[in-house]
Amino acid sequence: MGSSMKRKQLAAKASPARPEPSHQPRSVTLLGATGSIGSSTVDLLRRNFALYRVEAVTAHREAKALARLARELNARFAVVADPAVYGELKTELSGSGIEAAAGAAAVVEAAQRPADWVMAAITGAASLAPTLAAAERGATVALANKECLVCAGALFMRRAAENGATVLPVDSEHNAIFQALSAGRREDLRRIVLTASGGPFRTWPLDAIRKVSVEQALKHPTWSMGPKITIDSATLMNKGLELIEALHLFALRPDQLDVVVHPQSIVHGLVEFRDGSVIAQLGSPDMRIPISHCLAWPVRMATPAPRLDLARVATLSFEEPDVERFPALAIARRALAAGGAAPTILNAANEVAVREFVDRRLGFCEIAALVEATLELSERRGDMAEPQSVEEALAIDHNARRLAADLLPEIAAMAS
Ligand code: NAD
Ligand code: MG
């Protein structure tokens with residue numbers, strides 16, 4: 001393939017052309033079917049049963065819930081990542097004709113099975129191998145998981161383009177940008193703006209933020225989501241991860257990426273063109289809207305999401321993010337600018353820090369501190385090259401998790 005042809009293909013994949021709508025049922029696979037995004041996707045499938053056929057569903061260790069879903073959706077293949085619950089899954093599926101499997105390799109197999117459309121909604125870097133497997137067979141990938149783009153974004157997008165995969169952004173801000181980008185030519189784009197709710201502690205003084213409990217951090221003011229992303233939203237690390245996600249998804253430069261805090265979560269993202277026009281996407285904060293946009297792509301489907309009534313919302317407000325009280329955003333921006341292995345390390349350390357916070361071994365403010373310390377120590381040790389393969393990405397991820405675990409006692413002690 002000539003280089004100009006290759007460039008054309010990459011450009012096409014960065015903003016996929018609308019294919020003709022098909023009247024065949026679309027075959028779909030749900031990776032992370034039992035989670036928050038998974039459940040919202042299932043809700044839409046239930047309402048549009050005739051339009052879809054479910055190939056595979058996967059979960060971590062929720063065997064009973066997964067079996068129930070697999071039966072209801074008439075799936076062909078159900079997989080739990082944790083082999084310890086394989087027996088339970090098998091028993092729950094007995095007599096159904098649905099094939100059961102367990103383990104990380106079986107999750108990858110689920111992604112490789114021939115479904116037209118794959119929802120990537122596993123939490124964390126554990127999503128990388130299966131999501132990549134779906135992209136490598138040229139599937140349409142509805143990408144909810146952002147950690148895999150933070151962990152190995154350049155690699156993921158390159159493999160997706162090389163294999164003719166279409167990547168559709170599920171994350172509400174990125175879905176908004178994706179929709180708004182269709183208003184103009186890429187050459188005319190000046191910058192994009194992601195909105196952030198600001199999380200539950202947006203107006204809290206630093207002294208109070210230091211004493212935040214797990215329960216308080218798990219109560220998001222506008223969105224209902226899984227625990228990892230809810231904590232990330234409270235620290236604003238979520239917005240940092242989303243900047244890195246946007247850089248890769250839309251092939252942007254760091255200086256084209258902005259964040260504005262918007263507590264009502266009605267405007268999800270904005271695109272500014274060179275003439276000064278700013279195109280925004282608005283909607284109720286209900287993930288079924290962006291999920292449906294990807295599920296029905298290239299057409300649209302009705303959803304049960306509350307209709308947006310701007311007169312009732314009354315006020316839309318915007319403010320600068322405060323990186324003094326929420327340093328995670330600044331740390332993520334630095335990792336984005338540094339590139340190389342820094343985003344991979346950022347993501348791994350953050351996964352460790354969030355788990356330690358939820359398990360009450362780390363204070364809320366020490367989440368960002370642990371991530372920063374892990375990045376600094378990695379930089380001092382030198383090898384910060386960008387991962388060129390999944391194995392390299394997972395090795396960097398693994399080493400960063402170990403470093404974070406080593407640094408944990410020292411960082412945890414900072415709180416007292
Ligand atoms: P969740 O915790 O509710 O669900 C995660 C799903 O992944 C579950 O089905 C779980 O069984 C499975 N899973 C977890 N760990 C696994 C592992 N190691 N191996 C295999 N499967 C595993 O999470 P969620 O809120 O649905 O988020 C899923 C992804 O979507 C995350 O990457 C998140 O950042 C992203 N996302 C979520 C939302 C939201 O509104 N929930 C919005 C934007 C982006
Ligand atoms: Mg988001």
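Atoms within each ligand, like the ligands themselves, are counted from 1 in listed order.
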Looking at the Mg ion (ligand 2), which N/O/S atom of [X] is the nearest one?
{"X": "D171", "value": "OD1"}
{"X": "E242", "value": "OE2"}
{"X": "E173", "value": "OE1"}

[X] and [Y]: side chain donor to acceptor below 3.5 Å:
{"X": "H174", "Y": "E245", "value": "yes"}
{"X": "D397", "Y": "N347", "value": "no"}
{"X": "S317", "Y": "Q264", "value": "yes"}

For this session: Establish, yes or no, whether a centroid distance under 6.0 Å links the rings of F201 and F364.
Result: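 Aromatic pair counts; centres sit under 6.0 Å.
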
Exercise. Can the ring centres of W297 and F178 be said to be less than 6.0 Å apart?
Worked result: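 Ring-ring flag for W297/F178: true, centres closer than 6.0 Å.
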
Numbered atoms and elements of ligand 1 in range of [X], under 4.0 angstrom, heavy atoms:
{"X": "A33", "answer": "9 (O)"}
{"X": "A126", "answer": "17 (C), 18 (N)"}
{"X": "A81", "answer": "19 (N), 20 (C)"}
{"X": "E62", "answer": "11 (O)"}

Exercise. Which part of M225 is near ligand 1, with near meaning a heavy atom under 4.0 Å away: side chain, backbone, both or neither?
Worked result: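 Under 4.0 Å from ligand 1, M225 contributes backbone and side-chain atoms.
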
Exercise. Does A144 approach ligand 1 within less than 4.0 angstrom via side chain, backbone, both or neither, non-hydrogen atoms only?
Worked result: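 For A144, backbone and side-chain atoms both sit under 4.0 Å from ligand 1.
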
Among protein heavy atoms, which sits nearest to [atom], and what does the distance come to when rounded to 0.1 Å?
{"atom": "atom 9 (O) of ligand 1", "answer": "T34 OG1, 2.7 Å"}
{"atom": "atom 2 (O) of ligand 1", "answer": "T123 OG1, 3.4 Å"}
{"atom": "atom 6 (C) of ligand 1", "answer": "A121 O, 3.4 Å"}

Ignoring angles and geometry beyond distance, decide whether [X] reaches within less than 3.5 Å of ligand 1 through its nitrogen or oxygen atoms.
{"X": "S36", "result": "yes"}
{"X": "H60", "result": "yes"}
{"X": "G226", "result": "yes"}
{"X": "R61", "result": "no"}
{"X": "I229", "result": "no"}
{"X": "I37", "result": "yes"}

Exercise. Could a heavy atom of V107 be found less than 4.0 Å from some atom of ligand 1?
Worked result: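 False for this residue.
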
For this session: Answer yes or no for K228: is there a heavy-atom contact with ligand 1 below 4.0 Å?
Result: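 Checking ligand 1 against K228, which is what was asked, there is no heavy-atom contact under 4.0 Å.
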
Exercise. Of the options L45, N74, L69, T29, which is the one that meets V54 in a side chain to side chain contact (heavy atoms under 4.5 Å, CB included)?
Worked result: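 Only one option passes, and that is L45.
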
Problem set entry | Check: R46 main-chain N/O paired with Y52 side-chain donor or acceptor under 3.5 Å |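 Here the side-chain-to-backbone pair does not exist.
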
For this session: Determine the minimum heavy-atom distance between T195 and G269, stating which atoms define it.
Result: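 Looking at all heavy atoms of both residues, the shortest contact is OG1-N, 4.2 Å.
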
Problem set entry | Pair R202 + E320: basic N to acidic O under 4.0 Å |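 Looking at E320 together with R202, the answer is no, because their closest N to O distance does not fall below 4.0 Å.
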
